[in-house]
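Heads up: the structure comes next, in structure tokens.
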Amino acid sequence: MSVRESVVDRWSEAVWWDYVIAFLLLSAHVAVVRSWGRGDWLSWIESEQRVSLYGTAAGVVSAIGGLSSIAISIYLSSNGERIQAVRRHYQNELRRNWKALLVATALICMGCLAAQGLDDKADSHSARFVFEASMAFAFVRFLRMLWLLDRMMGLNDLDQSAPPPRPAPRYDPGWRQRNRTP
């Protein structure tokens with residue numbers, strides 16, 4: 001197993017990594033802003049524009065979450081051999097990943113709405129960083145969603161395009177007698 005496969009396996013099995021990655025992304029950005037005073041792009045726009053951006057982002061994330069739940073239902077209704085095997089052997093991991101994607105939609109929208117409520121002209125509550133945390137989390141969970149959908153679609157495509165398995169030959173108790181060499 002390659003290093004990349006090992007990292008992806010660990011990431012796919014533990015949804016809490018998304019929180020860590022999002023926190024690290026936000027921490028790096030805050031450190032750059034605080035240390036060098038650069039890159040704070042949300043402070044460059046007016047409060048009204050930021051509030052509008054927060055609301056729009058909440059709407060977009062909700063739409064993506066809704067579409068992903070439709071995609072989940074479509075791919076979970078597939079009945080190919082490979083999909084069934086994955087469901088049989090990795091049901092807990094699949095459930096955990098799908099549930100994490102749906103919970104993330106709610107958390108991200110709540111973060112955007114909290115930033116919208118906290119923002120003022122001076123941004124005294126640093127609402128822009130609440131929004132950035134939500135967007136970092138959205139980015140990481142979006143990657144998880146794409147990865148999971150790609151894997152499920154790949155399995156479904158293999159099930160749909162592979163020739164059907166040949167049935168096993170009928171059991172014939174006399175085959176040994178007929179196949180003996182004299």
Side-chain angles (χ1 to χ4, degrees), residues 7-78 90-157:
V7 168
V8 169
D9 280 351
R10 290 177 191 206
W11 173 68
S12 69
E13 291 173 1
V15 295
W16 58 267
W17 275 109
D18 296 353
Y19 295 102
V20 172
I21 295 167
F23 177 76
L24 291 174
L25 288 171
L26 179 67
S27 297
H29 185 250
V30 170
V32 167
V33 168
R34 300 287 189 222
S35 298
W36 292 292
R38 300 194 186 275
D40 193 5
W41 62 277
L42 286 174
S43 68
W44 302 339
I45 58 178
E46 297 294 321
S47 177
E48 294 82 23
Q49 286 178 303
R50 285 194 305 262
V51 169
S52 178
L53 176 65
Y54 304 155
T56 302
V60 169
V61 168
S62 294
I64 291 172
L67 292 173
S68 68
S69 64
I70 292 169
I72 292 168
S73 65
I74 289 171
Y75 285 102
L76 289 180
S77 67
S78 299
Y90 299 103
Q91 59 187 316
N92 292 333
E93 292 83 357
L94 275 174
R95 187 178 313 111
R96 191 177 319 119
N97 274 281
W98 291 123
K99 189 170 107 177
L101 291 172
L102 294 174
V103 168
T105 301
L107 291 176
I108 293 162
C109 288
M110 287 179 7
C112 291
L113 296 175
Q116 192 174 25
L118 291 172
D119 201 316
D120 56 14
K121 293 242 185 246
D123 195 21
S124 56
H125 304 293
S126 295
R128 66 189 187 279
F129 292 121
V130 173
F131 174 71
E132 287 185 15
S134 298
M135 289 298 98
F137 186 52
F139 174 72
V140 175
R141 283 290 160 98
F142 184 69
L143 292 177
R144 179 178 293 278
M145 182 182 70
L146 287 177
W147 172 82
L148 191 54
L149 285 174
D150 180 60
R151 294 293 178 217
M152 296 302 284
M153 288 186 326
L155 288 173
N156 188 44
D157 290 346

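Screening residues 92-106 for salt bridge (charged side-chain N to carboxylate O under 4.0 Å, His left out) gives no qualifying pairs among residues at least two apart or on separate chains. The salt bridge (charged side-chain N to carboxylate O under 4.0 Å, His left out) pairs that include a residue from residues 109-121 are E48-K121, R50-D119, where partners are two or more places apart or lie in different chains.
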Go through the steps for I108 and M135 under the test side-chain contact (heavy atoms from CB on, under 4.5 Å), then give the verdict.
CA-CA 7 Å; I108 293 162; M135 289 298 98; 3.9 Å; yes

Tell me, with the steps shown, if M110 and S134 meet side-chain contact (heavy atoms from CB on, under 4.5 Å).
CA-CA 9 Å; M110 287 179 7; S134 298; over 6 Å; no

Is there a side-chain contact (heavy atoms from CB on, under 4.5 Å) between L148 and W98? Walk through the geometry before answering.
CA-CA 9 Å; L148 191 54; W98 291 123; 3.7 Å; yes

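Residue L102 holds its CG atom at 11.0 Å from CG of L107, rounded to the nearest 0.5 Å. Rounded to the nearest 0.5 Å, atoms CG (L94) and CE (M152) are 5.5 Å apart.
Residues forming a side-chain contact (heavy atoms from CB on, under 4.5 Å) with D150 (at least two apart in sequence, or on another chain): none. Shown here are the side-chain contact (heavy atoms from CB on, under 4.5 Å) partners of L155, two or more places apart in sequence or in another chain: R82, I83, V86.
Residues N97 and M145 fail the side-chain proximity criterion, which asks for heavy atoms closer than 4.5 Å. The closest side-chain heavy-atom distance from T105 to R141 is not below 4.5 Å.
Shown here for A57 and F131, the closest heavy-atom pair between the two residues is CB-CE1, 3.5 Å. When all heavy atoms of C112 and A58 are compared, the closest pair comes out as CB-CB, 3.8 Å.
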Between side-chain atoms of residues 19-34 and protein atoms elsewhere (two or more places apart, or another chain), which donor-acceptor pairs fall under 3.5 Å?
unit_1: S27; atom_1: OG; unit_2: F23; atom_2: O; d: 2.8
unit_1: H29; atom_1: ND1; unit_2: E132; atom_2: OE1; d: 2.6
unit_1: H29; atom_1: NE2; unit_2: G39; atom_2: O; d: 2.7

Scan the side chains in residues 10-17 for donor-acceptor partners under 3.5 Å anywhere in the protein, sequence neighbours excluded, and list what turns up.
unit_1: W11; atom_1: NE1; unit_2: D18; atom_2: OD1; d: 2.8
unit_1: S12; atom_1: OG; unit_2: V8; atom_2: O; d: 3.2
unit_1: S12; atom_1: OG; unit_2: D9; atom_2: O; d: 3.0

